[in-house]
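Here the structure is a predicted model, which means the values were calculated and not measured. In what follows, chains are A, B, ... by sequence order, proteins preceding strands, each numbered from 1.
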Amino acid sequence: MLLELDDVHKSFRDSETRVPVLQGVSFTLAAGQTLALTGESGSGKSTLLHIASGLEQPDQGRVLLSGTDLTRLNDRARASLRRSEIALVFQQFNLIPSLTVAANIGFQARLAGRADQDHIGRIVTALGLSDQMTKYPEALSGGQQQRVAIARALAAKPKLLLADEPTGNLDEGTAEGVLDQMMHLVAATGAALLIVTHSRLIAGRMDRQLHLSRGRLT
Amino acid sequence: MTRACLSALMSHWRRNPVQIFAYLAGLALATALWSGVQAINAEARASYDAAETTLGEAQFDRLVSRQGASIDQDTYLALRRAGWQVSPVIEGRLGAVRVVGIDPITSPTGFGALDAGGPLPLDFTGPAQLFANAQTARDLPDDVTVTLTPDIASGVALGDVGIVQRLLGRDDLSYLTVAPMQPMGRPDLATVAPTLRLQPAQQGASVAQLTDSFHLNLTAFGLLSFAVGLFIVHSTIGLAFEQRRPMIRTLRSLGVPLNTLVTLITAEMLGLAAIGALIGIVLGYLIAAVLLPDVAATLRGLYGAEISGTLQLRAEWWLSGLAIAVLGTAAALAGRLWQIARMPLLASARPRAWVMASGARLRVQALGATALLIAALALSLFGQGLMAGFALLGCLLIGAALLLPVLFNWALAHLQTLAKGPVWGWFWADTRQQLPTLSLALMALLLAVSANIGVSTMVSSFRTTFVAFLDQRLAPELFVQVDDAAQSARLEAFLTQNKAEILPLLSTKAQIAGQPTDLYGVRVGQTYRDNWQFLGATPAPWDAVQAGTAVIVNEQLARRADLWVGDSVQISPDLDLPIAAVVGDYGNPHGQVVLSEDLFRTLHPDLAPLQFGIRTDDTDQLRAQITAALGIPDSAMINQAAIKAMSLAVFDRTFTVTAALNVLTLLVAGFAILMTLLTLADLRLPQLAPVWALGLTRRTLGRCELLRAVALAALVFLCAIPLGLALAWVLLTIINTQAFGWKLPMYLFPADYLKLGLYALMAALLAALWPATRLMRTRPSTLLKVFANEA
Ligand SMILES: Nc1ncnc2c1ncn2[C@@H]1O[C@H](COP(=O)(O)OP(=O)(O)OP(=O)(O)O)[C@@H](O)[C@H]1O
Ligand SMILES: [Mg+2]
């Protein structure tokens with residue numbers, strides 16, 4: 001199993017009281033599988049994604065990536081796994097402001113030591129970013145920034161692709177194209193895809209769907 | 001509404017305590033160094049003024065004894081009877097206090113004239129008493145009646161000549177002041193008082209003028225620190241405005257009028273500025289109080305100027321400190337308020353737009369820098385006078401500071417293309433992006449480091465030259481000072497008998513080539529030939545001097561009177577002699593002319609040498625013999641080694657102040673870096689979070705921040721070396737020549753620069769340490785918020 005979450009709990013301190021967000025979440029995701037995560041705003045979807053990527057530690061429970069428990073690793077080891085195995089697309093501010101679009105897209109692939117120019121070129125064309133390569137992120141629209149972040153994630157050929165509402169800023173046509181590229185990566189490299197979305201349409205194209213409500217999956 | 005708006009505006013500071021600290025601390029530091037220096041200057045000037053008014057007789061000609069001894073009462077009375085308008089003065093010491101006795105009725109200084117606008121209205125008609133300020137009064141013996149008079153210079157007590165004579169237990173006079181108006185047809189001095197000679201008033205070179213350059217120096221340091229402090233203020237104001245933009249937008253959309261907002265913000269910022277400045281004034285007072293004793297020692301050592309050792313809170317410096325701080329803030333504020341006034345109601349906050357370097361701005365900056373540097377070059381080629389020298393310094397420093405970000409932008413872009421691997425590429429790109437916000441702090445560091453290099457090069461070059469000069473001039477192993485002609489003759493006879501090589505020194509004051517000058521008569525011999533080194537000379541200068549056909553002048557006189565080897569100077573009304581050599585002279589700022597002993601004796605037959613240099617192998621034995629045989633006290637003799645040690649001690653103390661100011665400017669620059677990094681920390685998170693999410697640990701990022709600070713400081717240091725050396729060159733060849741009359745050779749001290757470079761790196765590292773540790777400890781959830789929140 002590529003990714004396995006086992007009885008994950010997480011709560012946040014809100015002044016004095018602790019607000020529980022995740023209360024015993026468990027699921028598995030195999031290589032080559034796609035999974036949609038839905039839930040109302042504030043239900044904890046982003047939090048779950050952050051925990052799955054090792055960016056945040058759960059209060060309780062285990063997160064296994066290819067059998068390794070992320071919660072038992074130190075900061076450095078988790079960072080190293082992130083560099084080589086995982087790619088993330090966030091809701092906002094994915095890009096490094098001091099680097100050009102081209103440098104942003106190649107950044108993670110080079111970090112992982114897998115920069116494949118042909119592969120990157122294909123993704124850039126497919127996502128319609130060819131004209132933006134020399135610009136800096138601040139000169140892009142929200143949707144363009146989102147696509148650059150997705151291009152960066154795909155360029156790194158990760159084993160696990162985690163995306164937090166990657167199409168939130170996109171029109172339907174562009175969203176379709178972006179989703180096609182993600183599915184293409186899964187088909188070609190056997191990666192696993194976990195996508196957070198509000199869109200029924202997108203959720204419907206995934207192998208499985210999970211719904212997060214009151215801290216539990218249904 | 002006002003109160004609600006104000007509390008909304010102030011809430012920003014509550015959420016960003018570091019920013020308000022930076023703002024207040026920047027202002028406090030700026031004001032502290034500025035007002036500290038001003039306090040010292042004000043204190044010194046007040047002391048000079050008091051000295052001039054108290055001892056106003058310096059502006060009158062004097063009659064002094066030809067033998068350098070005192071004058072007896074009868075000579076004075078004889079002159080008065082012959083119609084000479086002279087007034088008696090007696091000077092002496094009571095412990096640490098210099099006591100001056102004058103005759104209020106005849107004194108041309110006007111002390112007696114209570115109503116006629118005399119310098120100090122002193123009532124001499126009272127019972128036996130002295131006039132002194134409170135501090136001096138404490139140093140006087142208890143049995144002396146003192147009338148407290150705050151305006152009298154410190155260390156001086158004034159009284160009636162009769163009273164002072166009684167206090168000192170003497171019945172003679174020190175000198176006579178000559179009133180400017182004298183009756184026609186009075187008899188010649190030679191017939192009435194053949195033992196006296198007329199000494200012209202010290203013209204021009206008053207203490208205040210001599211020390212001006214020193215104070216200018218201090219002021220320049222004060223201004224430099226002030227500029228650095230204002231850098232901090234400027235960047236804090238910029239940041240505070242940028243971060244409060246959304247709030248201001250909201251307030252305006254809620255219906256708060258623009259005028260109200262602008263007024264409130266102005267009041268808020270200026271109010272805070274006043275608080276910062278007041279803290280600074282208190283700090284400045286403390287700095288001045290700590291430095292004043294060293295400044296006093298410096299001025300005494302260099303110029304013989306006495307200043308009082310205690311500091312007074314004078315309105316002229318603390319008010320100027322407050323005013324300049326508030327004005328500086330207002331200037332920084334004006335631009336920002338203008339932006340608010342023009343801000344479209346719905347414009348979004350773009351913190352990163354503020355951060356990004358704009359190419360246009362860099363181009364303007366490069367142009368300005370080039371213009372200033374060209375102006376500096378022109379000034380160095382064609383400038384005249386001290387003010388031109390300081391203008392040159394200003395153009396050079398500001399031009400270089402403006403050029404720094406331009407150079408850095410270019411260098412960092414270059415490093416980015418050279419970088420191997422994504423992390424290094426990002427590191428340099430990120431550094432470059434930080435440049436606009438960091439550049440003020442970097443400029444401050446550049447100015448501080450190059451000022452350090454420049455000033456320490458000057459001081460060390462001066463020291464090297466000065467030590468060599470002492471070796472040349474202090475060749476004799478023993479120096480003896482005698483009181484009068486009789487003693488002088490006995491000493492010479494004794495020494496000749498003992499076959500010691502004697503170097504008698506005859507001296508008097510004269511006005512030569514329009515400059516106040518010390519005239520010396522020396523016995524030309526092997527010692528002079530072997531030791532003196534000249535800046536310019538004819539083939540055999542000493543032969544010509546010995547023959548009485550030429551003179552040697554010192555560099556100060558040569559430069560001031562625009563003379564050099566081969567030119568003639570008028571030594572006496574009917575004697576013109578060519579200059580055989582010009583000698584470097586770093587002991588005092590006065591002009592000097594050196595003649596042969598014989599020529600001097602012909603010109604001044606009544607003067608006897610009162611100083612002797614003696615070559616001997618056994619100084620201790622000779623000292624003992626002289627005391628035993630002639631009764632000359634041991635205190636009138638000094639060994640060569642002791643003089644050298646004393647001179648170097650004076651010299652070293654002289655520059656303690658400069659060294660202290662150097663360290664302070666470096667500290668302020670380090671503080672500027674710290675404050676910039678701290679206030680920027682929040683802006684940095686959105687820039688760092690993506691890199692972190694992609695797999696760089698917070699520890700790595702923190703190390704990058706440290707490395708960046710060190711790398712930038714290293715680049716600054718590289719730029720500071722040429723700038724500092726240029727500064728040293730200007731100080732040595734232009735400022736020194738104008739201020740003191742000597743041009744010093746420039747020596748390089750690479751080890752010192754290297755040490756300074758290390759200090760600069762350390763300062764940057766220390767400044768970055770706290771922000772970097774804070775970054776390493778940032779909680780992941782804080783970083784993750786970046787990806788979820790609308791900015
Ligand atoms: N660092 C934090 N500190 C305190 N509370 C937090 C923190 N991060 C998230 N929360 C809270 O946890 C809950 C879940 O947040 P999360 O961002 O996971 O929701 P979400 O499902 O992604 O919502 P959305 O669909 O709006 O993106 C929210 O109530 C949020 O306020
Ligand atoms: Mg979310």
- Query: What pairs of residues pass the salt bridge (charged side-chain N to carboxylate O under 4.0 Å, His left out) test when at least one of them lies in residues 85-110 of chain A, not counting sequence neighbours?
  - Reply: Glu85(A)-Lys159(A)
- Note on the structure: Closest heavy-atom pair, Pro686(B) versus Pro97(A), reported as atoms and distance to 0.1 Å, is O-CD, 4.3 Å
- Gln687(B) and Ile96(A), any side-chain heavy atoms less than 4.5 Å apart: no
- Rounded to the nearest 0.5 Å, what's the gap from CG on Leu784(B) to OG on Ser53(A)? Could you check? 7.5 Å
- Note on the structure: Comparing Gly421(B), Pro690(B), Pro422(B) against chain A, the one with the most heavy-atom pairs below 4.5 Å turns out to be Pro422(B)
- What do the steps show when you test Thr700(B) against Arg76(A) for side chain to side chain contact (heavy atoms under 4.5 Å, CB included), and what is the final call? CA-CA 9 Å; Thr700(B) 313; Arg76(A) 234 169 97 176; 5.9 Å; no
- Identify which part of Leu111(A) has an atom lying under 4.5 Å from any heavy atom of chain B, answering side chain, backbone, both or neither. both
- Among Leu99(A), Asp164(A), Leu81(A), Leu88(A), which has the most heavy-atom pairs under 4.5 Å with chain B? Leu99(A)
- Query: What heavy-atom pair brings Arg82(A) and Leu696(B) nearest, and what distance separates the two atoms?
  - Reply: NH2-O, 4.5 Å
- Task: With a 4.5 angstrom heavy-atom cut-off, could you sort out which part of Gln91(A) is near chain B: side chain, backbone, both or neither?
- Result: both
- Query: Above 12 or not: heavy atoms from other molecules or residues under 6.0 Å from CD of Gln60(A)?
  - Reply: yes
- Message: Just to be sure I understand the criterion: a residue of residues 772-781 of chain B counts if one of its heavy atoms is under 4.5 Å from a heavy atom of chain A. Which ones qualify?
- Response: Pro780(B), Ser781(B)
- Query: Are more than 12 heavy atoms from other residues, nucleotides or ligands located less than 6.0 Å from atom NE2 of His184(A)?
  - Reply: no
- Item | Check: Gly695(B) main-chain N/O paired with Arg83(A) side-chain donor or acceptor under 3.5 Å | yes
- Message: Between Arg699(B) and Asp75(A), does any NZ, NE, NH1 or NH2 come within less than 4.0 Å of an OD or OE carboxylate oxygen?
- Response: no
- Task: Can you establish whether the number of heavy atoms outside Arg72(A) located under 6.0 Å from its atom CZ is more than 12?
- Result: no
- Test item: Arg78(A) side-chain N/O and Thr697(B) main-chain N/O as donor-acceptor pair under 3.5 Å: no
